[in-house]
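To keep things clear, I will list the structure first and then write my remarks on it.
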Amino acid sequence: MRQRVAVIDFETNGITPGRDCRATEIGVAMVEDGRVVDRFQSLMNAGVWVPPMIERLTGISNAMLKAAPPACEVMAEAARFVGDTPLAAHNASFDRKFWDHELSLLGIARRQDFACTLLLSRRLLPQAPDHKLGTLTRWAKLPDTGRAHRALADAEMAANLLTLLGDTLSSQYRLPDIDHALLCKLQTVTAAKIKPYLLELQAQCPAV
DNA sequence: TGCCAGGCCCTCTTTAGGGCCTT
């Protein structure tokens, strides 16, 4: 896939964004033509408390957040970095709600759709042992990007997975124009119907 | 006060339930 896509990952102190549940770190891997070409990463201090279980999971402590820049500054910078670039994430429904929530606090509305590497990998890589980001990375022998459950390492893992999914579509179905809009369309086709749908797309494409 | 996600996907389904995935 040649198109530039911004793959994002949030670390947070909980599951549902709100007054006491906020992003604690953001990572963005800008992927283009199968390579990560640019990166953005920052901890952010939203004034929330991180429970011990999540401190252990992410390695992000309350002391680290105390010293981090304010969430509003970080998110404003992240929004400038991403601009209008199409977005992707692993289990995008999670990162999308935090992206939308954090930007809404700045009065910014998202303009672009999210592609989801979880939905796409369930459809295109059904033979994987499971569809956790770490499992898929090891199973597909994708590069080690650093400590799991840190935002930039996970964003780069998801970026590599996105590239693998694009390559899978190219090699298995010989589709010439794989772009973000196609990926967003594919993730709305049910897993049971994806193969016939792709074969139909292939039949409509001129031979390459 | 007490509770606390939610969308997707499969199946022993559709008048439902439970596992997956994210922190």
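Throughout, protein chains are lettered first and strands after them, A, B, ... in sequence-line order, and every chain is numbered starting at 1.
Residue contacts shown for Phe98(A) are absent, as no nucleic acid heavy atom lies under 4.0 Å away.
From the 5' end on, the contacts that DNA chain B makes with chain A at under 4.0 Å to a non-hydrogen atom open and close at dA5(B) to dT23(B).
dC12(B) sits 26 Å from dG7(B) when the P atoms are compared, rounded to a whole Å. When the P atom is compared between dT13(B) and dG18(B), the two are found 13 Å apart, to the nearest whole Å. The P atoms of dC8(B) and dC4(B) are separated by 23 Å, rounded to the nearest whole Å. The gap from the C1' atom of dT14(B) to that of dT1(B) amounts to 36 Å, rounded to the nearest Å. Rounded to whole Å, the C1' atom of dT23(B) lies 11 Å from the corresponding atom of dA5(B).
The CG atom of Leu136(A) lies 10.0 Å from the CZ atom of Arg122(A); values are rounded to the nearest 0.5 Å. Taking CD1 of Ile194(A) as the start and CG of Leu119(A) as the end, the distance is 10.5 Å to the nearest 0.5 Å.
Against DNA chain B, the stretch residues 181-198 of chain A makes heavy-atom approaches under 4.0 Å through Ala191(A). Looking at residues 13-28 of chain A, you'll see Gly14(A), Ile15(A), Thr16(A) sit with a heavy atom under 4.0 Å from some atom of DNA chain B. Less than 4.0 Å separates DNA chain B from at least one heavy atom of each of the following residues of residues 122-135 of chain A: Arg122(A), Arg123(A), Asp130(A), His131(A), Lys132(A), Leu133(A).
Cluster partners of Phe98(A), using a side-chain heavy-atom cutoff of under 4.5 Å among ILVMFWY residues and allowing indirect links, are Ile8(A), Phe10(A), Ile15(A), Ile26(A), Val28(A), Met30(A), Val37(A), Phe40(A), Met44(A), Val74(A), Met75(A), Phe81(A), Val82(A), Leu87(A), Phe94(A), Trp99(A), Leu103(A), Leu106(A), Ile108(A), Phe114(A). Grouped by direct or indirect side-chain proximity (heavy atoms under 4.5 Å, Ile/Leu/Val/Met/Phe/Trp/Tyr only), Leu118(A) sits alone.
A salt bridge (charged side-chain N to carboxylate O under 4.0 Å, His left out) with Arg150(A) holds for exactly one of Glu11(A), Glu25(A), Glu156(A); it is Glu25(A).
Counting only N and O atoms by type, the side chains of Asn13(A) and Thr24(A) include no donor and acceptor under 3.5 Å apart. Remark: the Gln112(A) side chain and the Asp84(A) side chain contain no N/O donor-acceptor pair separated by less than 3.5 Å. His90(A) and Thr117(A) share a side-chain donor-acceptor pair at under 3.5 Å.
In terms of modelled atom types and a separation under 3.5 Å, the side chain of Ser61(A) and the main chain of Met64(A) share a donor-acceptor contact. Looking only at distances, a side-chain donor or acceptor of Thr145(A) sits under 3.5 Å from a matching main-chain atom of Ala153(A).
Side-chain contact between Leu124(A) and Lys195(A) is absent, with no heavy-atom pair separated by less than 4.5 Å.
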